[in-house]
Enquirer: 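Next up is a structure, given as structure tokens.
Keep in mind it's a predicted model, so treat the numbers as computed, not measured. Proteins come first, then strands; the chains are lettered A, B, ... in the order of their sequence lines, and each starts at number 1.
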Amino acid sequence: MRRSEFFLPTLKEVPSDAEIRSHQLMLRAGLIRRLASGIYYYLPFGFRVLQRIIGIVREEMNGAGAQEVLLPAVHPKELWDESGRWDLYGEDMFHLFDRKKRPFCLAPTHEEAITNLVRNEVRSYKELPLLLYQIQTKFRDEPRPRFGMMRCREFLMKDAYSFHRDDKCLQGTYKKVYDAYVRIFRRCGLDCEIVEADPGLIGGGLSHEFMVLAPSGEDIVVLCPKCGYRANADKPDKPSDVERQTSYDLRRTTHDEMKEVNTPDMKTVEQVSAFLKVKPSQLVKTLIYYADGKPVAVLVPGDREVNEAKLMSVLKTAGLKLASADQIEELTGGPMGFSGPVGLKAGMIADHSVAGMSDFVTGANKKDTHLFNVNPDRDFKIERFEDLTAARDGDPCPKCGAGTEVKTGIELGHTFNLGTRYSSAMKAKFLDEDGKEKIMVMGCYGIGVSRIIAAVIEQHNDENGIIWPFSIAPFSAVILPLNMNDETQKKLAEEIYEGLTAKGADVLLDDRNEPAGVKFKDADLTGIPVKVVLGDRALKEGKVEVQLRSSGEKQKVEKSEAVSEILKLIKL
RNA sequence: CGGGGAGUAGCGCAGCCUGGCUAGCGCGCCUGCUUUGGGAGCAGGAGGCCGUGGGUUCAAAUCCCACCUUCCCGACCA
């Protein structure tokens, strides 16, 4: 491709509405442009990268035995009513109507569509298992699109779905896809952490997320450096036996008498603990939630915060809301800021760490009053202990008890054991060997294809721009004749370009009549792995200079050998 | 949904507080000449519903109201 003819608008200045590195660079290097919030154009340069990533994904999926399909992007409402997800998705789904006013949506995901297809066509166990995938634009009206390609309302996803006669068969396919994912991300040049995740309301057993650790990531990951345990921080854990034991050992067996103390206007943990001169960790915070309309009191230590995703998972609800001031007053009899478990008529659920606490401070459900020396069992009853607190650096690992680390990550892939969540709701059945009708067991597997680009740039850039790994680079090399008025340079550039192109290399020839500096800056910004520099310095010796974008490494090669040397570098 | 910032030429911004000439600057773009190893020089030029609607005023980019768009933070922690 000749740069003079290639549609590649680069920007010298940083666009004002791009905050993170990958977003800035994708705009500056001419990969994308914005049309609306969370909705982007791919320009030729960006589309080339996307195509290369798609190529890798396709190869590995086919290698895992998957077959590619293309599913509809516009779905009628009835399809979604079958699974009950039309209402569940609510505002996050783009709704539309056809000319007859029949409701449709732009598909945010395709479990329903694929299940409908398979239930209509598959009758027998002999046709199972089946692994189908597509690479398709998804539409989600995100409450808050963010960080350029990272969280879009229109984005490209590879989604695969598998259908099985039983769980054992699903496990086999699950493993194959899992392994394919490991290869896909490695081939894209990404360092990936695979973490256990909470399947949430989608249901099923095992679920894994493929994460790239990055400060700009939106997900929080818990990592154990000792035993290698890795999990999404939104996944509730069972505490280790070690932790549980220590916790109970800490609890005192003799208790002081509970008493009321006056705490005028002390509504927050900070105020109360400072006023009463006790540590925040000696307080138990009582949060009143409404889960599907029913009140639940949630108890956590004063210095910890509730992770609502965990709470929702544990309560198996999507409708979770903190109570309003009025609701609190009505339920507890005291104003907001003075709630406590003693005498409270509501379901009660506590974090595991509360199990080890005794003689603590809580609200008294009475204005300007707290209680000292509160003890579970004696003063109130806790119905359930669960993992409810937001993860913190140093928390004990649920597997081995060692101190864990908390980091942020970008979720690039997610694999689910769906079980029969959709197949039973939508009656996807087959006839088994024993002549009995059974429900299909499903798995589903997603990859955020467009998000991979952003993640790669987050991991591979420097102050000059992007540094593409060879595997997904839009061009493998760029030829830079520094002076287009120099006939020798111009001619040699053409020769090398023709030579490489003839061998099947994807090369950009910067044949613009621009000063050397402009060409260098552009080459670095756009991140093409190999620069072939044609300038007086080396040409005096009959050589051309070959530079690597990644390391800055330079070598001079005889001009007659330039083509073969470059081919070696780009591994063609 | 709540809070904060921003909307003036393709991009980055000034002007607005304290209303008043023809609305500026840098980059980019076009033409010509000169240049060519790290975003070049000179000369000439094109390009604006100052986000939209309403209001105040003799007069609005500037003041007031409403709305739209966009970016960031937070998702009510008692």
Enquirer: If we take the P atom in both G15(B) and U56(B), what is their distance in whole Å?
Expert: 29 Å
Enquirer: State the pairing partner of C1(B); accept Watson-Crick or G-U wobble contacts with both distances under 3.5 Å, and report none otherwise.
Expert: G74(B)
Enquirer: Of the candidate nucleotides C77(B), A75(B), G37(B), which contains the atom at the shortest distance from the side chain of A538(A)?
Expert: G37(B)
Enquirer: Could you work out the separation of G45(B) and G3(B) based on their C1' atoms and round it to a whole Å?
Expert: 47 Å
Enquirer: Just the rounded figure in Å: distance from C1' of C71(B) to CD of Q24(A).
Expert: 12 Å
Enquirer: Which comes earlier along RNA chain B counting from the 5' end, the contact point of E19(A) or that of F338(A), where each point is its nearest nucleotide?
Expert: E19(A)
Enquirer: Could you encode protein contacts along nucleotides 5-14 of chain B as a string, one character per nucleotide from 5' to 3', using B for base contact, S for sugar-phosphate-only contact and - for no contact, with a heavy-atom cut-off of under 4.0 Å?
Expert: ------BSS-
Enquirer: Tell me the interatomic distance from R151(A), atom CZ, to U70(B), atom C1', rounded to whole angstroms.
Expert: 18 Å
Enquirer: Send over the distance from L322(A) CG to G2(B) C1', rounded to a whole Å.
Expert: 14 Å
Enquirer: What integer distance in Å separates K543(A):NZ from G37(B):P?
Expert: 20 Å
Enquirer: Could you go through D237(A) and K310(A), starting from their C-alpha distance and side-chain angles, then the distance that decides it, and tell me whether this counts as salt bridge (Lys or Arg N to Asp or Glu O under 4.0 Å)?
Expert: CA-CA 9 Å; D237(A) 276 314; K310(A) 285 182 180 176; 5.7 Å; no
Enquirer: Verify the distance criterion only: is there a donor paired with an acceptor across the side chains of S353(A) and D351(A) at less than 3.5 Å?
Expert: yes
Enquirer: Does T286(A) reach a base, just sugar-phosphate, or nothing at all? Heavy atoms under 4.0 Å.
Expert: base
Enquirer: Going by atom types only, do E553(A) and Q555(A) share a side-chain donor-acceptor pair under 3.5 Å?
Expert: no
Enquirer: Considering only the P atoms, how many Å lie between C16(B) and G7(B), rounded to the nearest integer?
Expert: 13 Å
Enquirer: Please give the nucleotide sitting opposite A14(B) as a Watson-Crick or G-U wobble pair, both distances under 3.5 Å, or none.
Expert: none
Enquirer: Side chain of K12(A): nearest nucleotide among A40(B), C72(B), G38(B)?
Expert: A40(B)
Enquirer: With rounding to the closest Å, how many angstrom separate the P atoms on U52(B) and C11(B)?
Expert: 15 Å
Enquirer: Minimum heavy-atom separation for L331(A) and A346(A), please, with both atom names.
Expert: CD2-CB, 4.2 Å
Enquirer: Taking the C1' atom of each, how far is C76(B) from A14(B), in whole Å?
Expert: 40 Å
Enquirer: Is K531(A) salt-bridged to D524(A), going by a charged N under 4.0 Å from an acidic O?
Expert: yes
Enquirer: So, OP1 or OP2 of C73(B): does either fall under 4.0 Å of a side-chain N or O from R146(A)?
Expert: yes
Enquirer: With both distances under 3.5 angstrom, what nucleotide forms a Watson-Crick or G-U wobble pair with G47(B)?
Expert: none
Enquirer: Taking atom C1' of C73(B) as reference, at what distance in whole Å does atom CE of M150(A) sit?
Expert: 17 Å
Enquirer: Select base, sugar-phosphate, or nothing to describe what R144(A) touches, counting heavy atoms under 4.0 Å on all strands.
Expert: base
Enquirer: Would you mind reading off the distance between Q489(A) atom CD and G37(B) atom C1', rounded to a whole angstrom?
Expert: 10 Å
Enquirer: Is any N or O donor-acceptor pair between the side chain of D536(A) and the base of G37(B) shorter than 3.5 Å?
Expert: no
Enquirer: Looking at every strand, decide which applies to A325(A) at a 4.0 Å heavy-atom threshold: base, sugar-phosphate, or nothing.
Expert: nothing
Enquirer: For the side chain of D524(A), starting at C-beta, report the closest nucleotide among G38(B), C77(B), G37(B).
Expert: G38(B)
Enquirer: Rounding to the closest angstrom, what is the interatomic distance between G2(B) and A9(B) at atom P?
Expert: 30 Å
Enquirer: Pick the P atom in A6(B) and in C64(B), then give their distance to the nearest Å.
Expert: 14 Å
Enquirer: In the structure shown, which nucleotide is the Watson-Crick or G-U wobble counterpart of C63(B), with both distances under 3.5 Å?
Expert: G55(B)
Enquirer: Using the C1' atoms only, state how far C25(B) lies from U70(B), rounded to an integer number of Å.
Expert: 24 Å
Enquirer: Would you mind classifying the nucleic acid contact of R28(A) as base, sugar-phosphate or nothing, using non-hydrogen atoms under 4.0 angstrom?
Expert: base
Enquirer: From C-beta outward on K321(A), which listed nucleotide comes closest to its side chain: C76(B), U36(B), G37(B)?
Expert: C76(B)
Enquirer: Please report the closest heavy-atom contact between R304(A) and K285(A), naming both atoms and the distance.
Expert: O-NZ, 3.0 Å
Enquirer: For a quick check of understanding: with a heavy-atom distance under 4.0 Å over all strands, which category does L480(A) fall into, base, sugar-phosphate or nothing?
Expert: nothing
Enquirer: Please give the nucleotide sitting opposite G28(B) as a Watson-Crick or G-U wobble pair, both distances under 3.5 Å, or none.
Expert: none
Enquirer: If you assign L482(A) and R153(A) each to the RNA chain B nucleotide with the nearest heavy atom, which residue ends up on the more 5' nucleotide?
Expert: L482(A)
Enquirer: Just how far, in rounded Å, is P of C33(B) from CG of N485(A)?
Expert: 12 Å
Enquirer: Tell me which nucleotide, if any, is Watson-Crick or G-U wobble paired with A6(B) when both distances must be under 3.5 Å.
Expert: U69(B)
Enquirer: Could you verify whether a donor N or O on one side chain and an acceptor N or O on the other, from D368(A) and N262(A), lie under 3.5 Å apart?
Expert: no
Enquirer: In this structure, how many angstroms lie between the C1' atom of U36(B) and the CZ atom of R512(A), rounded?
Expert: 13 Å
Enquirer: Charged N to carboxylate O under 4.0 angstrom, E329(A) versus K367(A)?
Expert: no
Enquirer: Using a strict threshold of under 4.0 Å (side-chain N to carboxylate O), is an ion pair present between K491(A) and E495(A)?
Expert: yes
Enquirer: Students often get this wrong, so: under 4.0 angstrom with heavy atoms, is A309(A) touching a base, only sugar-phosphate, or nothing?
Expert: nothing
Enquirer: Classify the nucleic acid contact of K267(A) as base, sugar-phosphate or nothing, counting any heavy atom under 4.0 Å across all strands shown.
Expert: sugar-phosphate
Enquirer: V269(A) near the nucleic acid: base, sugar-phosphate alone, or nothing, with a heavy-atom cut-off under 4.0 Å?
Expert: sugar-phosphate
Enquirer: Anything under 30° is parallel, anything over 60° is perpendicular, the rest tilted; go ahead and classify F47(A) against Y42(A).
Expert: tilted
Enquirer: Whether K521(A) contacts G38(B) is assessed here as follows: a side-chain N or O lying under 4.0 Å from the phosphate OP1 or OP2. Is that the case?
Expert: no
Enquirer: For D511(A) and K519(A), which heavy atoms make the closest approach, and how far apart are they?
Expert: C-NZ, 4.5 Å
